[in-house]
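Submitted below is the structure of interest, expressed as C-alpha cells.
In this chain, residues are counted from 1 in sequence order. Keep in mind the model is a prediction, meaning the values are calculated, not measured.
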Amino acid sequence: MAKAEKTKKKGFVHKMMFGNEDKPDLTPEQLNMSKWAMFKFIFFGRFGTTVLLNILTLLFALPMFGVMLLFYLNSSVAAGFIPYSSNIGIGYPVVSNAANLGAITDFTYSITEYLILIPCIAFFALGVAGNLYVIRKLIWQEPTSTIKDFFRGIKKCWIGAIFIGLLFGLALLLVVFSAGYFDAFHLPVAYKAVMITVSIILLVFMTIFTSFFMTQNAAFKMRPLALLRNSALFTFGAFLQSIIFIGIGLAPVYLIFVPGITMFLAIIYVFIGFSFSTIVISLFCHFCYEKFLYDKVTDKPSAVYSKRERDELSEPERAKKKQPTAYKNPKKRKKSIDEGTSITPLTPTFRREDLERLQREHEQIMREGEEDDEPDDDETQLEQQEQPEVPVQPAQPEQPEQQDDNDEK
C-alpha cells in the first residue's frame, strides 16, 4: 500500500499571522451572528490575529509609556530632596513652606508630563487606527492580511487619528490641571470641586466621542464636518449605553488602581489589552451604526457585513425602465448586404436598355428595404396598446361642389 501523503504542518508564526486555515468556512447562520457571538469568534477564533494586532499597537504606545516612566522616576527622586518634615523643626536646612513647595513641584511636573504626552497620545492614536481598521475588516468578514492591513489603515486614517489624539490629550491635561492647580496656589476648595467635575465630564464625553470618531473614520469615507457631527450625535444619542459598553472595553485600564498587580497588568497589555478594547468598542459602535446610520448612506455593509453597491438611476431612466419594451421576433432578421437583388454594373458602352434595367433593379431594392422595415404584427399590436387612445372625431359631411352653369346646361 502506498503511504498516505503527509500534509506539511503550519508553524506557530504562520498561525499567529493568518489563523487556522483548516477550520471550515462560516455558514450563513454564523454570518448573521449576534454581537456577543461575533466577539467570541474574533477574540477566541482569531486569537493569533488579536495578539499580533496588540503587539503592533503596543509599538505605537512605547513613547507614551516611556515618558510616563521617566517622569515617575524623576518625581520620585525629586520628592526625596524636599524636607516635608521641616515644618515641625526637623530637617536641615529649615524650609518653612515645604508642603507648599512640594505641591507646586508636583503640579509643575504633572503639567510638564502631560504636555509632552499630548503628541505621544496622538502618535499612539495612529496604532489604534490601524488596529480598528483590521478589526473592522474582521467584523465585516472581509479577507485580511494583519500586518499589511494594519499599516494600510494607518495610511487611510492618519489625519483623523492625529487630530482626535491631540483633542483627547488636551482633555486629559485639563483633568490633571484641575486636580493640582487649586492645591498648589491655595484656592477655594469649591472652585476645585467644580473644575474637577467639569473636567471629568468633558473627559468622559471625549472618550465616547473619540470611540465613535475613530471607528467611523476606519469604516466609512466621510467629510471631516460630517464625521464630527455624526460622532457628536452618537455621543449624545447613546450616552448611557456608551458609558456601559465603552467602560467594559476599557476594563483592563481599571486594574491600574489595584495595588500589587503591576506585572500582571503589563502582561495583559502586551498581549491582549489593546485588542480587547478595540474589539468591544468596535462592536458596540457598529451596533449603533446599524441602528441609526446605515439607512442614511449608500455604500454600507449588508446584513452579513459585506459591502454592496447601489445603482442609482435618475427619474427618467427609472420611468423608462418600468415601461414595457417592444417584442422583437427572433425569427425575423434583417437581410444582409449580400442578400437580395443586386445591381448589374454598367459597361463602358451602355445603351438605353441598360439604363432601364438599372432603374428596375433600383426600384426592386427599395421595395425590399421597405418590407424589412415594416414591423411585425406582434410589434404593431404592442405599439397600439402602448399608444393612448385618441377620441375619434365624427367626419363632417363633404359639401357638394358647385357646378358651373355650363355643366348643368
Side-chain angles (χ1 to χ4, degrees), residues 16-21 23-54 56-57 126-158 160-161 210-223 226-227 230-231 234 238 241-242 245-246 248-249 272 274-311:
M16 288 283 289
M17 293 180 64
F18 302 102
N20 189 359
E21 298 177 355
K23 290 184 177 180
D25 295 335
L26 293 176
T27 62
E29 291 77 12
Q30 290 175 323
L31 290 175
N32 291 323
M33 62 182 71
S34 63
K35 293 296 179 288
W36 170 242
M38 181 66 71
F39 170 79
K40 291 190 294 184
F41 169 74
I42 296 175
F43 190 76
F44 298 106
R46 302 294 298 271
F47 187 75
T49 303
T50 304
V51 174
L52 181 58
L53 274 178
N54 198 87
L56 292 173
T57 310
L126 294 176
V128 177
N131 191 313
L132 287 170
Y133 184 78
V134 180
I135 294 298
R136 187 268 292 174
K137 297 192 74 173
L138 293 176
I139 292 175
W140 289 0
Q141 297 298 319
E142 295 179 354
T144 57
S145 176
T146 306
I147 298 178
K148 188 175 180 180
D149 287 331
F150 179 84
F151 290 100
R152 183 181 297 164
I154 295 175
K155 183 179 178 181
K156 289 179 178 292
C157 309
W158 69 273
T210 302
S211 301
F212 283 114
F213 184 94
M214 296 198 69
T215 48
Q216 283 184 104
N217 192 29
F220 309 107
K221 289 184 179 180
M222 290 184 179
R223 292 172 301 183
L227 194 58
N230 285 352
S231 302
F234 279 122
Q241 288 180 322
S242 301
F245 288 98
I246 295 177
I248 294 173
I272 60 172
F274 298 119
S275 294
F276 174 83
S277 300
T278 52
I279 292 172
V280 174
I281 292 174
S282 294
L283 288 172
F284 169 70
C285 292
H286 278 81
F287 163 76
C288 295
Y289 302 152
E290 292 173 8
K291 188 175 181 181
F292 300 107
L293 185 64
Y294 280 0
D295 57 343
K296 304 293 189 303
V297 297
T298 55
D299 296 332
K300 63 182 181 179
S302 64
V304 297
Y305 303 102
S306 61
K307 288 185 176 179
R308 63 184 180 186
E309 298 180 356
R310 291 184 177 180
D311 297 330

- Got a second to check how far Asn230's CG is from Phe213's CZ, nearest 0.5 Å? 11.0 Å
- Here the pair of heavy atoms bringing Ala218 nearest to Arg136 is O-NE, 3.3 Å
- What's the spacing between His286 NE2 and Ile135 CD1 if we round to 0.5 Å? 10.5 Å
- Task: Would you please indicate yes or no on a ring centroid separation below 6.0 angstrom for Phe245 and Phe287?
- Result: no
- Do you know the tightest heavy-atom contact between Ala238 and Cys288? CB-SG, 4.3 Å
- Item | Closest approach of Asn54 to Phe274 (non-hydrogen atoms, all atoms of both residues) | OD1-N, 2.6 Å
- Rounded to the nearest 0.5 angstrom, the CZ-OG1 distance for Phe151 and Thr146 is 11.5 Å
- Nearest-0.5 Å distance, OG of residue Ser282 to CE of residue Met214: 10.0 Å
- Nearest heavy-atom approach of Ser211 to Cys285 is O-SG, 4.0 Å
- Flag side-chain contact, heavy atom, 4.5 Å: Thr144 against Thr49: no
- Query: Would you say the side chain of Val280 lies within less than 4.5 Å of the side chain of Phe43, judging by non-hydrogen atoms?
  - Reply: no
- Message: Just so I know, are the side chains of Tyr289 and Phe212 near enough to count as touching, which here means a heavy-atom distance under 4.5 Å?
- Response: yes
- Item | Phe284 side chain near Lys35 side chain, heavy-atom distance below 4.5 Å | no
- Closest non-hydrogen atom pair between Gln216 and Ser231, with its separation: NE2-OG, 3.1 Å
- Qualifying residues under side-chain hydrogen bond (donor to acceptor under 3.5 Å, both in side chains), relative to Ser277, sequence neighbours excluded: none
- Distance-only, no hydrogens or angles: does the Asn131 side chain make a donor-acceptor pair with backbone N or O of Thr57 under 3.5 Å? no
- Message: Distance check, rounded to the nearest 0.5 Å: Lys156 atom NZ versus Ile154 atom CD1?
- Response: 13.0 Å
- Sorted by chain and number, sequence neighbours left out, side-chain hydrogen bond (donor to acceptor under 3.5 Å, both in side chains) with Asn217 holds for none
- How many angstroms lie between atom CZ of Phe276 and atom CD1 of Ile281, to the nearest 0.5 angstrom? 9.5 Å
- Message: Exactly one of Leu53, Thr278, Ile147 should register a side chain to side chain contact (heavy atoms under 4.5 Å, CB included) with Val134. Which one does?
- Response: Leu53
- Query: For the residue pair Trp36 and Phe39, does the interplanar ring angle fall in the parallel (under 30°), tilted (30 to 60°) or perpendicular (over 60°) class?
  - Reply: parallel
- Query: Which heavy-atom pair separates Ser275 from Thr50 by the least distance, and what is that distance?
  - Reply: OG-O, 2.8 Å
